[in-house]
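Shown next, in structure tokens, is the structure this report addresses.
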Amino acid sequence: IFGLGVWIKNHKDFTLDTIEEAASYLKSARPTAVNLAFEVDRALECAVEAQRVGKDPYEAVILKGLGEIKNSEVHNRSMARIAEKELDQLVSKPKYKILTHCNTGFLACGSVGTALGVIQHLGEQNKIDMTWVDETRPYLQGSRLTAYELTKLGIEHKVVVEGAASHLMRTGKVDAIFVGADRIVANGDTANKIGTSNLAIIAKHYDIPFYVVAPSSSFDLSKSSGDEIEIELRDETEILEYRGTPIAPLSSRAYNPSFDIASGELITGIISERGIAKGDYLKTLSGIVE
């Protein structure tokens, strides 16, 4: 929303064609993330309507964005309480050891986060024993962003490489896993940051609950399975270089998918502001939406 707002600020005499072109450009930045397109389309509608009735489109879009941040605070705290209740029923410990992946906190959401919002809430209830933070290669959102947020929140955490997940689970250091989502389709298949599918598979092997926490704007029930989700490919230099310095042979090439698909059958529950869906996602997800 704010991205389109910035564009409007610099293109005050926009036409329907030019603002639709700008919106399409914004949406192309993350083809895997359905919630990005959802919010951009709402901002576009808001701006066009404001212009039609003679109001300031920039002010209208910015006010809408601020309102959405307030809404996300309410919705994400609701999701966190649902997750807490689920953990207390399923795991039932005084304090929990949680593993998370990528960044799903206030830096990503503008307010309390989604999966990281669960951890923040548990921390506020003094229910966190340890948070394991995947560093999240190749762009290191975990070590650069999530660890920063947990430091600011005063929540116990340690950064680990993704390859440590199996060791952590095998040795009893993980009670549950909470991740976010960029797109959730009708059968529960979930697109999220690359490495999420690995976690889901390993968690299933060790019988550790694996939860997806995301707003209903991340649902895309028009698609029946994850096979229909477009996976964004990012620049190979993210893998081959570090801050401009090559860390692989100059002749080497890289393959850099930014997301993968965690199969719905591996997911213990999908938590949104409307409740938790479990089991047969073809029924439970559509039930939550309805």
Side-chain angles (χ1 to χ4, degrees), residues 69-136 141-160 162 164-165 168-169 171-181 184 190 192-193 195-196 199-200 202-203 206-216 218 262 266-278:
I69 288 177
K70 290 182 179 179
N71 288 338
S72 73
E73 172 86 20
V74 175
H75 292 161
N76 293 358
R77 284 200 174 274
S78 174
M79 292 192 283
R81 289 191 292 270
I82 292 169
E84 179 188 18
K85 182 179 178 181
E86 172 77 4
L87 274 180
D88 287 346
Q89 291 176 344
L90 188 65
V91 182
S92 187
K93 288 185 175 182
K95 293 187 177 184
Y96 299 105
K97 298 181 284 290
I98 306 296
L99 174 63
T100 192
H101 188 65
C102 199
N103 179 257
T104 55
F106 54 76
L107 291 173
C109 301
S111 65
V112 171
T114 53
L116 199 56
V118 172
I119 295 168
Q120 177 178 341
H121 174 74
L122 292 173
E124 292 168 351
Q125 311 307 310
N126 195 29
K127 288 186 174 182
I128 288 291
D129 181 11
M130 176 59 67
T131 306
W132 301 106
V133 179
D134 273 352
E135 63 177 355
T136 319
Q141 294 98 323
S143 56
R144 293 190 303 119
L145 305 180
T146 298
Y148 167 80
E149 292 194 32
L150 292 172
T151 298
K152 296 287 285 186
L153 293 168
I155 294 176
E156 188 71 22
H157 66 280
K158 290 183 179 179
V159 178
V160 293
E162 277 92 311
L168 292 173
M169 293 186 224
T171 53
K173 292 180 173 62
V174 179
D175 295 315
I177 299 168
F178 287 92
V179 299
I184 302 167
T190 296
N192 194 51
K193 182 56 60 182
T196 302
L199 290 177
I202 299 167
Y206 290 113
D207 195 26
I208 291 172
F210 179 95
Y211 295 97
V212 171
V213 186
S216 56
S218 296
L266 302 175
I267 298 172
T268 308
I270 297 173
I271 299 170
S272 79
E273 77 279 9
R274 301 183 182 187
I276 182 169
K278 303 175 77 172

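For clarity, every value in this text was computed on a predicted model and none was experimentally measured.
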For this session: In sequence, state the C-alpha distance, the side-chain angles, and the governing distance for Asp134 and Leu199, and then conclude on side chain to side chain contact (heavy atoms under 4.5 Å, CB included).
Result: CA-CA 10 Å; Asp134 273 352; Leu199 290 177; 3.6 Å; yes
For this session: Please step through side chain to side chain contact (heavy atoms under 4.5 Å, CB included) for the pair Phe210 and Thr196, ending with a clear verdict.
Result: CA-CA 10 Å; Phe210 179 95; Thr196 302; 3.8 Å; yes
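Contact check for Phe106 versus Ile69: no side-chain heavy atoms found under the 4.5 Å cut-off. You'll find the side chain of Thr104 stays beyond 4.5 Å of the side chain of Val213, heavy atoms only. Side-chain atoms of Tyr211 and Ile82, non-hydrogen and from C-beta on, never get closer than 4.5 Å to each other. Asn126 places a side-chain heavy atom less than 4.5 Å from the side chain of Lys95.
For the side-chain contact (heavy atoms from CB on, under 4.5 Å) with Val212, the lone residue among Ile177, Thr190, Thr268 that qualifies is Thr190.
Under the salt bridge (Lys or Arg N to Asp or Glu O under 4.0 Å) criterion, Lys278 pairs with Glu86, sequence neighbours left out. Taking the salt bridge (Lys or Arg N to Asp or Glu O under 4.0 Å) definition, one finds that Glu135 meets it with Arg137, sequence neighbours left out. Taking Ala108 as the reference, Asn103 meet the side-chain contact (heavy atoms from CB on, under 4.5 Å) condition, with sequence neighbours excluded. Applying the side-chain contact (heavy atoms from CB on, under 4.5 Å) test to Tyr206 and every residue at least two apart in sequence or in another chain returns Ser166, Met169, Arg170, Ile202, Ile208. By the salt bridge (Lys or Arg N to Asp or Glu O under 4.0 Å) test, Lys93 is found to be paired with Asp175, residues two or more places apart in sequence or in another chain being considered.
Nearest heavy atoms, Ser111 versus Asn76: OG-ND2, 4.2 Å. Residues Val91 and Pro209 come closest through the heavy atom pair CG2-CG, 4.2 Å. What you find for Glu149 and Leu107 is that their closest heavy atoms are OE2-N, 3.0 Å. Looking at every heavy atom in both residues, Ala214 comes nearest to Ile184 through CB-CD1, 4.1 Å. Heavy-atom minimum distance, Gly172 versus Lys97: O-CE, 3.3 Å.
Side-chain atoms of Thr100 come within 3.5 Å of backbone atoms of Phe178 as a donor-acceptor pair (strictly under, hydrogens ignored). In this structure a side-chain-to-backbone donor-acceptor pair under 3.5 Å is missing from Glu273 to Ser78. Looking only at distances, a side-chain donor or acceptor of Trp132 sits under 3.5 Å from a matching main-chain atom of Lys173. No side-chain donor-acceptor contact under 3.5 Å links Thr131 to the backbone of His157. For the pair Glu156 (side chain) and Ile128 (backbone), a donor-acceptor distance under 3.5 Å is absent.
A salt bridge links Lys127 with Asp88: the closest approach of a Lys/Arg side-chain nitrogen to an acidic carboxylate oxygen falls below 4.0 angstrom.
In this structure, CD on Gln141 lies 8.0 Å from OG1 on Thr146, to the nearest 0.5 angstrom.
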Show me the donor-acceptor pairs, under 3.5 Å and distance only, between side chains in residues 113-123 and residues at least two apart or in other chains.
{"unit_1": "Gln120", "atom_1": "NE2", "unit_2": "Glu124", "atom_2": "OE2", "d": "3.2"}
{"unit_1": "His121", "atom_1": "NE2", "unit_2": "Glu84", "atom_2": "OE1", "d": "2.7"}

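For Ser272 and Ser216, the side-chain atoms include no donor-acceptor pair closer than 3.5 Å.
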